[in-house]
Amino acid sequence: MLEELLIFTRGGLILWALSGGGGSLKASPVDALIRSYLLEDRSADGAGVSQDGKHALKWAFHNGLGLVFVAVYRRVLRLLRLDDLLAAVRAEFARVYHPKRTSYDGFSDVFRQLHLEAQARADEMNSGNAGGSKQAGSDGDSGKKENSGGDPKPKDGGAFDLSTLQNLRNRVIRRNNKKPNNKPDIKGRHKNPNEPSDKKLDFSDAAERGKVTDHVAIKEGQSKMDKDEQVGDGPQAKGWFSSVFQSIAVGNKVIDMSGLQPALKALKDRLMTKNVAEEIAEKLCESIAASLEGKKLGSFTSIASTVRAAMEKALLRILTPSRSIDILRDVHAAKERERPYVIVFVGVNGVGKSTNLAKVAYWLLQHDLSVTLAACDTFRSGAVEQLRIHARRLQIPIFEKGYERDTAVVAKQAIQEATRTKSDVVLVDTAGRMQDNEPLMRALSKLININSPDLVLFVGEALVGNDAVDQLTQFNQKLADLSSVPAARLIDGILLSKFDTVDDKVGAALSMVYVSGAPVMFVGCGQSYTDLKKLNAKSIVNTLLK
């Protein structure tokens, strides 16, 4: 049975609810649907699964009236004819809808009749299927053999279930853990227990740990984070987009899918040339098609300009943070509570975590905040020495314990030391790791769960395209799967590195924000400490559509 059915405007005004009023929307799966999909135009599909995995949702739009129809039901149930029911509800409600009317209590009787009719059609279809199955059973088991080896698909068109993939992944992990680890080392030698420990290869100087040297603090001027970037209004109408579709009819008419297809195809190809992941470009175009289909063109307005305006609006909405993260404000709030503000930098190998961590430290120092570096990359050779050089140049303390240490413990001790010395901010450097490296991902999850940092920043390259989607998705998935607490901590923000090397191929920023919902908080754009700036959403959109 239906748990909830809501009819509301795109502005969020609830017009009618099956479960008894507007209070039902709060903390419901529909609330998460609005935040994650509808407000950001991140999906044009008509089905999804709630965040807790217990509920399934289906939704439909009435673009002409600006209405949204959402049905929520238990995921274990298979509700037949639900698409037909939503279509019937949409048609009937459109007949009685008026923009100035806010109460539709009388629609409950209409819905009850529509629900009974849909249930009767479903029962009729079930009885027909039951008769057919009996006849097939008398003919033998040939039908069963045909379907063996393939996974049954849900008849209600529900969203794809990730539990199957998760079970396969766990099975592979268990198989790998059972394999005996009797392999020789890299040079082909079997280890001798009497040989000296590899820890003697740690040449970091214990006497220098946590000390500030006598070097003069480097000053390179004002960070670009505090400079406003001037952005124009973007390309004019006589660009590539309008020239391709200048032959399309202009005037007052209803937009249909056949008229949208040429413009959307060209737009998708254009986004992909700008390094936007193919999957993201396709979903964006589907979203634009769903929002425009059925609407009327204004006088002297072409489909091309309408599609471009809708895409520009959607891109700005995606790239603009849905939640505000003001680091400087949060640092001062932490100071009032007499504790340091902790930022953890994570990411794959070679993306520039340590370098951009130093840029963030330089920016914080310019705002008269004290900073401590925590050398928690105890895996890569030279990582501690690299961070120590940055600490010397910036004249800030660094907390280090050498190599082959438990990174979670090192981070905890660094935070305790920063609390004792009344440092304002702790920047935690971690080892680069591929998203499918489970031991390192488990260590990262432990570090985050034990120390509860204020901000988890994912450092990603602006050079990547489809890889950006895979990296962020799997990082968040691993952090959720390996978390030891019920409310798993995921990526809070993104630092986009090497942005100065991509020219107009800026699509990685869009792909990362789209798949994670996390804002781009910093953009690395050079080799000096000042080369760190904010992401200008309008500039990115202009470049994507240029």
Side-chain angles (χ1 to χ4, degrees), residues 10 35 38-42 222-242 263-264 266-277 280-281 283-285 287-288 291-292 301-302 304-328 363 457-458 460-465 468 472 493-526 530-546:
R10 284 187 176 271
R35 289 196 311 268
L38 303 184
L39 289 182
E40 298 182 5
D41 281 342
R42 291 176 58 196
Q222 184 183 11
S223 173
K224 294 178 182 177
M225 278 289 296
D226 301 316
K227 297 179 181 178
D228 294 330
E229 183 179 355
Q230 299 296 327
V231 181
D233 293 332
Q236 300 299 319
K238 291 296 182 181
W240 68 273
F241 207 81
S242 59
L264 293 174
L267 182 57
K268 176 185 173 183
D269 294 341
R270 187 66 179 180
L271 291 175
M272 290 174 60
T273 63
K274 300 290 186 177
N275 222 16
V276 177
I280 306 302
K283 287 185 177 180
L284 281 170
C285 290
S287 176
I288 297 301
S291 64
L292 292 180
T301 305
S302 66
S305 60
T306 302
V307 170
R308 187 191 184 284
M311 179 60 76
E312 182 176 356
K313 185 178 178 181
L315 293 179
L316 280 173
R317 187 160 49 243
I318 292 170
L319 290 172
T320 302
S322 57
R323 53 191 175 91
S324 175
I325 301 179
D326 189 334
I327 293 181
L328 297 178
W363 171 65
L457 277 183
F458 178 86
E461 284 184 327
L463 302 168
V464 297
L472 259 175
I494 299 168
L495 193 157
L496 204 58
S497 66
K498 306 178 184 179
F499 199 72
D500 55 316
T501 65
V502 296
D503 193 25
D504 63 344
K505 305 293 190 294
V506 296
L510 177 65
S511 299
M512 289 183 179
V513 174
Y514 189 96
V515 299
S516 67
V520 176
M521 305 190 61
F522 301 100
V523 175
C525 54
T530 61
D531 291 328
L532 190 73
K533 64 181 183 180
K534 302 175 184 176
L535 180 76
N536 192 308
K538 188 173 182 180
S539 175
I540 296 295
V541 172
N542 290 344
T543 304
L544 288 172
L545 299 180
K546 184 169 62 177

Determine whether Leu284 and Lys268 make a side-chain contact, defined as any pair of heavy atoms from C-beta on separated by less than 4.5 Å.
-> no
If we only count heavy atoms from C-beta on, is the Val520 to Val523 side-chain gap below 4.5 Å?
-> yes
Let me know which of Leu496, Thr501, Asp531, Leu532 forms a side-chain contact (heavy atoms from CB on, under 4.5 Å) with Cys525.
-> Asp531
Calculate, to the nearest 0.5 Å, the distance between atoms CD1 and CD belonging to Ile288 and Glu312 respectively.
-> 11.0 Å
How many angstroms lie between atom CD1 of Ile540 and atom CG of Leu315, to the nearest 0.5 angstrom?
-> 10.5 Å
Could you tell me which non-hydrogen atom of Arg270 sits nearest to which non-hydrogen atom of Leu544, and how far apart they are?
-> CG-O, 4.0 Å
With the side chain counted from C-beta on, respond yes when Phe522 and Leu535 share a heavy-atom pair under 4.5 Å apart, and no when they do not.
-> no
Results of side-chain contact (heavy atoms from CB on, under 4.5 Å) for Met521 - residues two or more places apart only = Ile325, Ile327, Leu455, Leu457, Pro519
Nearest non-hydrogen partners of Ser305 and Ser302, listed with the distance | OG-O, 3.0 Å
Nearest heavy-atom neighbours spanning Val276 and Gly507 | CG2-CA, 3.5 Å
Closest heavy-atom contact between Leu463 and Val502?
-> CD2-CG1, 3.6 Å
Distance (rounded to the nearest 0.5 Å) between Lys538 NZ and Leu319 CG | 13.5 Å
Taking side chain to side chain donor-acceptor pair (under 3.5 Å) as the test, write out the residues that go with Asp326, two or more places apart.
-> none
To the nearest 0.5 Å, atom CG of Leu510 lies from atom CG of Asn275 at 11.0 Å
Identify, with sequence neighbours excluded, every residue that meets side chain to side chain donor-acceptor pair (under 3.5 Å) alongside Asp504.
-> Lys274
Identify the heavy atoms of Ala508 and Ala462 that sit nearest to each other, and give their distance.
-> CB-O, 3.6 Å
Less than 4.5 Å apart, any side-chain heavy atom of Leu472 and any of Ile494?
-> yes
Roughly how far apart are Ile280 CD1 and Cys285 SG, rounded to 0.5 Å?
-> 11.5 Å
Locate the shortest heavy-atom distance separating Ala277 from Ser511; write the atom from each residue and the value.
-> N-OG, 3.1 Å
Hey, are the side chains of Val307 and Leu292 touching, using non-hydrogen atoms and a 4.5 Å cut-off?
-> yes
Flag the pair Tyr514 / Lys283 as yes when at least one side-chain heavy-atom distance between them is below 4.5 Å, and no otherwise.
-> yes
